[in-house]
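Written out below as structure tokens is the structure these notes cover.
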There are 2 protein chains.
Amino acid sequence: MRQTIQRQIILEELRNLKTHPTAKELYNHVKKRIPTISFGTVYRTLHLLRDRGEIIELAFADRSSRWDGFTHPHQHFYCESCGGVYDVEEDISNKLAGILSRVPGKVKRMHLKIYGICDKCL
Amino acid sequence: MRQTIQRQIILEELRNLKTHPTAKELYNHVKKRIPTISFGTVYRTLHLLRDRGEIIELAFADRSSRWDGFTHPHQHFYCESCGGVYDVEEDISNKLAGILSRVPGKVKRMHLKIYGICDKCL
DNA sequence: TTAGATGCAAACATTTTGCCGCGAT
DNA sequence: ATCGCGGCAAAATGTTTGCATCTAA
């Protein structure tokens, strides 16, 4: 795995943003620092970092993945009004241990999505 | 809202399938009964039913939405090996009441996804 | 020096949409 | 008879990929 300026800045910008950006939003931010950056590089880098467990891919029903630069156990609140995604800093694994012990198969991780209207939109 | 044979059969087939199909998979099933059905109709109907709260749209990171014909509180297990989605018949809202009371904004619903390897793939 | 990474553009997969004719009410 | 709905195909969207070039190691 080669260290390139693109990879450095993509991860750096993702971690600086608290907004769980889409690939396109992240691309626009990175572009300010590397004007020649391409979409292909952004996607390839995001997938690489995800596969190495350094970032998390979030799927919501609005077609495009969101990306989260932090991998500690936490959950997400999705605002159905503005589309914003907010962190819920809580590890739920202890609360849900009962469920997990009853699931057939091997559990690797879990993720809770809370849907609603954020306080800014209320 | 007009009652048509297409809408009847789309909902019927979705509820018969326990597999949380993609739109394409569902389309293929419906096509056996209505050979002239179009993708547009399937998508329009799924969105209509979702907006009316009769079915649920599930988003996973593998690009296409899955659809669930049942809306009672339950969760999902996603197998990273075969891509299958299995129901976890449990309402977690009581267990997570603490989290919900601390989320800023109005919570409408929540959904837990458990990622792992299902027992068939182990 | 060279394997691996980037940039670019074309290809892809999925979903959405406009239009017109049809059919449920 | 009306107007919402379905079929069709084109367009839009988000993502992935092939290839030539470049560059970190």
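The sequence lines fix the lettering, A, B, ..., with proteins before strands; numbering per chain opens at 1.
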Can you check the [X] [atom1] to [N] [atom2] distance for me, whole Å?
| X | N | atom1 | atom2 | value |
| --- | --- | --- | --- | --- |
| A:F60 | D:dG14 | CZ | C1' | 17 Å |
| A:L48 | C:dT6 | CG | P | 9 Å |
| A:Q6 | D:dT23 | CD | P | 9 Å |
| B:H47 | D:dG6 | NE2 | C1' | 16 Å |
| A:K24 | D:dT15 | NZ | C1' | 12 Å |
| B:D62 | D:dT16 | CG | P | 11 Å |
| B:Q8 | D:dG6 | CD | C1' | 15 Å |
| B:L46 | D:dG6 | CG | P | 12 Å |

### Query
Nearest nucleotide by nearest heavy atom, which residue falls closer to the 5' end of DNA chain D, A:A23 or B:I37?
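Result: B:I37.
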### Donor-acceptor pair present, A:R63 side chain and D:dT13 base, under 3.5 Å
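Check passes, donor-acceptor contact within cut-off.
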Protein N or O to nucleotides 19-25 of chain C N or O, pairs below 3.5 Å:
residue : atom : partner : partner atom : Å
C:dG23  : N2   : B:R2    : NH1          : 2.6
C:dG23  : N2   : B:R2    : NH2          : 3.2
C:dA24  : O3'  : B:Q3    : O            : 3.1
C:dT25  : OP1  : B:Q3    : N            : 3.2
C:dT25  : OP1  : B:Q3    : O            : 3.4

### Message
Taking the basic N atoms (NZ, or NE/NH1/NH2) and the acidic carboxylate oxygens, is any pair closer than 4.0 Å for B:K32 and B:E13?
### Response
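Salt bridge flag = no for B:E13 with B:K32.
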At under 4.0 Å, does any side-chain N or O of [X] touch on OP1 or OP2 of [N]?
| X | N | value |
| --- | --- | --- |
| A:Y43 | D:dT15 | yes |
| A:R7 | C:dT6 | yes |
| A:S38 | C:dC8 | no |

### Query
Which class fits the ring pair A:F39 and A:Y27: parallel under 30°, tilted 30 to 60°, perpendicular over 60°?
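Rings of A:F39 and A:Y27: parallel, as their planes differ by under 30°.
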### Message
Counting only heavy atoms from other residues, nucleotides and ligands, does the tally under 6.0 Å from NZ of B:K95 exceed 12?
### Response
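Correct, the count exceeds 12.
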### Message
So A:S65, base contact, sugar-phosphate only, or nothing? Heavy-atom distance under 4.0 Å.
### Response
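Sugar-phosphate: the residue A:S65, judged by heavy atoms under 4.0 Å, touches backbone atoms but no base.
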### Query
Can you name the residues that form a side chain to side chain donor-acceptor pair (under 3.5 Å) with A:Q75, not counting sequence neighbours?
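Partners of A:Q75 under the side chain to side chain donor-acceptor pair (under 3.5 Å) test: none.
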### Task
Identify, with sequence neighbours excluded, every residue that meets ring pair (Phe, Tyr, Trp, His ring centres under 6.0 Å) alongside B:H76.
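Counting only residues at least two positions away or on another chain, B:H76 forms a ring pair (Phe, Tyr, Trp, His ring centres under 6.0 Å) with B:H20, B:H74, B:H111.
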### CD1 on A:I55 to CG on A:L49, rounded to 0.5 Å
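Answer rounded to 0.5 Å: 4.5 Å.
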### Message
Between A:R44 and A:Q6, does the side chain to side chain contact (heavy atoms under 4.5 Å, CB included) criterion hold? Intermediate values first, please.
### Response
CA-CA 11 Å; A:R44 273 186 288 234; A:Q6 286 87 346; over 6 Å; no
